[in-house]
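To start, the structure itself, in structure tokens.
Just so we're on the same page: letters track the sequence lines, and every chain starts at 1. None of these values were measured; they are calculated from a predicted model.
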Amino acid sequence: MRVILTMASAVHWFRKGLRLHDNPALLDAVQNPTTTYVLPVFCLDPIFLRPETVGVNRMNFLLECLQDLDQQLRKLHSRLFVLRGNPLEQLPVFFRKYHTRLLTFEFDTEPYAKQRDTQVRRLCAELGIEVRTRATHTLYDPEDIRRELGDRPTPLTYKSFYAFVTERLGQPMSALDAPAPASGFQTPDVDLDTYTVPSLSELEAYQGLEVETPFRGGETEALRRMENFLRERADEVRSFAKPATSPTAWPVASTTQLSPYFKFGCLSPRLFVERVRSLRPLQQPPVSLIGQIWWREFFTYVAYVTPHFHQMQGNPICRQIPWREAADDARYRAWEEARTGYPWIDACMVQLRQEGWLHHLARHAVACFLTRGDLWVSWERGRETFDRLLVDADYSLNNANWLWLSSSAFFHQYYRVYSPISFPQKYDPNGEYVRHFLPVLKEMPSKYIYTPWLAPVVVQKKAKCIIGEDYPHPIVDHAVVMRENMRRMREALDAGAPQRVPKRPRRDANEASSSSSSS
DNA sequence: GAAATGGTTGGCGCA
DNA sequence: CTGCGCCAACCATTT
């Protein structure tokens, strides 16, 4: 053992991309001719080890991913080394200990990762360690897209992005196999009792917190779920049209629920696209299943090239709107804690907290309600809640969707507001979804399930649910605040863009206007 | 450069 | 139960 430890090692640093299949950066480490063995590493960065930042459901999911990774690596006579602490401190210690000469990792587009990786590269340069990265979180390398775009502006619509990338870059690379047992993958039997994958209870900040999510982490589970879905629901895969799926389907969701696995890279988007394509889907992007992967591609790219993408201030594509900002705002708290008095909204927020997942349209409903629809609270607050509670929380997609729903970017038809009453009604007229996640409303007649405050007191008594005692009164009058908010939005747009002139005089304007186009 | 087109997924009242 | 016009009139992109 002492002999092998004097030989040069390659370290593959897992961050996302928690998989062995389609992992070219890992293969780079395995196949590198000038290093003798490979050390697969994950670093538990304390910045993420806080329940206020990463909820217990996602932390548990991550640990399960690491356990699975370790088990899969052991089948290759390797293992996972879990470091604990800031990677900028822990990695160099590890590098010195094992004479590292090559570091490989998956390219990451997020702001925190970008600055962290820049510092790690600098550090490796000082230590004489070569660094090689591959972009495999998405179908395409974002840098390839940027290069092709050149001086052109960033496409801000799905269609223009999709058209440009498919035309200029053609098909994405095909997915690679996991390293074979005889691939020369060698890891020494060292430090067997250290660098192990911790259990949740070993993480001090998470002690005593209950894991409720039904999602089990790991590449093995990801591949199993994907293949199950493709086999058992092949017809749905072929005819899949996202807007036609139901947000109230429970416990069997109307979508694949693979998002947590894509978030952590347990599943390669390239592999998924290839497997779906083999079933010859009938629909096309943007609504098709493969079209969903392209939404991810689009939002990841725009998030990558847009400064301050995660906030309103300094974000060049974000509408400037005077939202309520305070995190202690009673409205925000009521929304987050499922106390708005609108059963559909509250049921969604309970599912989010319990399962760490919501159907896309349910996310729309609660996001619209918090921001432009009803409560006029900043999308950044809602983003934070989602970021903490979603198992699939992804920086780019989460921020992009909040920008979208608040009509701050991408989507601009702010007068299209989701009704917290009629929207769920068309999917689930009896409110089964609400009854499950809000058992207090279990016996409320279907007629009042989305509007229990309208139920006569005798009906409330019979249902054992008195509004104002057992379940709250509605926090706002949707019909009223919706109008108010539309007016606010209009005013914000006028204030923020004084150069823009209405093409036609507005009807509610008092001016007897003939001012068609002024300068 | 002006005008037209289109935008994954709204709600409502009415025929 | 479906389709249509209306609500009020957004923005990015194409023509």
Side-chain angles (χ1 to χ4, degrees), chain A residues 149 152-164 167 239-249 254-255 281-299 302 306 316-321 344 348 358-369 371-374 397 400-401 403-427 429 450-451 478-497 499-509 513 516-519:
Chain A
L149 276 168
R152 266 170 274 259
T154 304
L156 291 177
T157 65
Y158 181 100
K159 207 180 163 184
S160 58
F161 176 84
Y162 180 76
F164 184 85
E167 196 206 314
S239 62
F240 188 95
K242 185 64 164 280
T245 59
S246 167
T248 59
S254 60
T255 52
L282 304 167
Q283 304 287 336
Q284 292 298 313
V287 299
S288 66
L289 210 40
I290 288 169
Q292 305 313 300
I293 296 298
W294 276 93
W295 280 103
R296 184 173 178 272
E297 202 75 12
F298 171 47
F299 285 150
V302 179
T306 305
I317 67 167
C318 181
R319 267 318 72 79
Q320 302 299 303
I321 296 164
W344 160 241
C348 289
L358 281 177
H359 183 277
H360 191 57
L361 291 178
R363 301 184 195 204
H364 277 211
V366 299
C368 184
F369 188 90
T371 57
R372 64 187 170 85
D374 295 80
L397 310 193
N401 280 300
L403 283 161
W404 183 295
L405 261 300
S406 60
S407 70
S408 297
F410 305 111
F411 174 88
H412 309 279
Q413 289 155 288
Y414 60 85
Y415 38 86
R416 292 187 173 184
V417 175
Y418 288 89
S419 162
I421 299 155
S422 54
F423 181 74
Q425 219 143 26
K426 69 184 174 211
Y427 296 98
Y450 296 114
T451 54
H478 173 72
V480 172
V481 295
M482 182 185 71
R483 295 276 152 215
E484 227 172 81
N485 291 346
M486 282 187 194
R487 181 183 51 74
R488 280 184 172 135
M489 189 67 81
R490 176 70 222 174
E491 284 168 4
L493 294 174
D494 285 346
Q499 76 283 6
R500 185 155 26 77
V501 174
K503 293 199 176 78
R504 265 168 283 160
R506 263 175 292 135
R507 286 175 201 205
D508 59 345
S513 56
S516 52
S517 59
S518 53
S519 54

[atom1] gap between [N] and [M], integer Å:
N	M	atom1	result
C:dG5	C:dA9	C1'	15 Å
B:dG1	C:dT13	C1'	14 Å
B:dC12	C:dC1	C1'	16 Å

Polar side-chain atom of [X] near backbone of [Y] as donor-acceptor pair, under 3.5 Å:
X	Y	result
A:Gln320	A:Cys318	yes
A:Gln292	A:Pro285	no
A:Ser254	A:Ser246	yes
A:Arg372	A:Met486	no

| field | Step-by-step side chain to side chain contact (heavy atoms under 4.5 Å, CB included) determination, A:Arg487 to A:Glu491 | value | CA-CA 6 Å; A:Arg487 181 183 51 74; A:Glu491 284 168 4; 3.1 Å; yes
| field | Heavy-atom side-chain proximity of A:Phe164 to A:Arg152 below 4.5 angstrom | value | yes
Interatomic distance where [atom1] belongs to [X] and [atom2] belongs to [N] [whole Å]:
X	N	atom1	atom2	value
A:His359	B:dT9	NE2	C1'	9 Å
A:Tyr415	B:dG10	OH	P	11 Å
A:Tyr158	B:dT9	OH	P	13 Å
A:Gln413	C:dC10	CD	P	11 Å
A:Trp404	C:dA12	CH2	P	13 Å
A:Lys426	B:dG10	NZ	P	7 Å
A:Arg490	C:dC11	CZ	C1'	12 Å
A:His360	B:dG10	NE2	P	11 Å

| Which atom of A:Leu289 lies closest to which atom of A:Phe240, heavy atoms considered |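 A:Leu289 and A:Phe240 have their closest heavy atoms at N-CD2, 3.6 Å.
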Nearest to side-chain heavy atoms of [X], which nucleotide of [options]:
X	options	result
A:Arg319	C:dT13, C:dA12, C:dA9	C:dA12
A:Leu156	C:dT13, C:dC10, B:dT9	C:dT13
A:Tyr414	B:dT8, C:dA12, C:dA9	C:dA9

Just to be sure I understand the rule, does [X] reach a base, reach only the sugar-phosphate, or reach nothing, if contact means heavy atoms closer than 4.0 Å?
X	result
A:Phe423	sugar-phosphate
A:Pro155	sugar-phosphate
A:Val417	sugar-phosphate

| DNA chain B stem ranges, 3 or more consecutive Watson-Crick or G-U pairs under 3.5 angstrom | B:2-7 with C:10-15, B:10-15 with C:2-7
| In terms of the angle between their ring planes, are A:Phe298 and A:Phe161 parallel, tilted or perpendicular, with boundaries placed at 30° and 60°? | tilted
| query | For the residue pair A:Tyr162 and A:Tyr158, does the interplanar ring angle fall in the parallel (under 30°), tilted (30 to 60°) or perpendicular (over 60°) class? | reply |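 Parallel: the ring planes of A:Tyr162 and A:Tyr158 meet at under 30°.
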Below 3.5 Å is the cut-off: list the nitrogen or oxygen pairs between protein and nucleotides 12-15 of chain B, distance only.
{"from": "B:dC12", "atom 1": "OP2", "to": "A:Ser422", "atom 2": "OG", "distance (Å)": "2.8"}

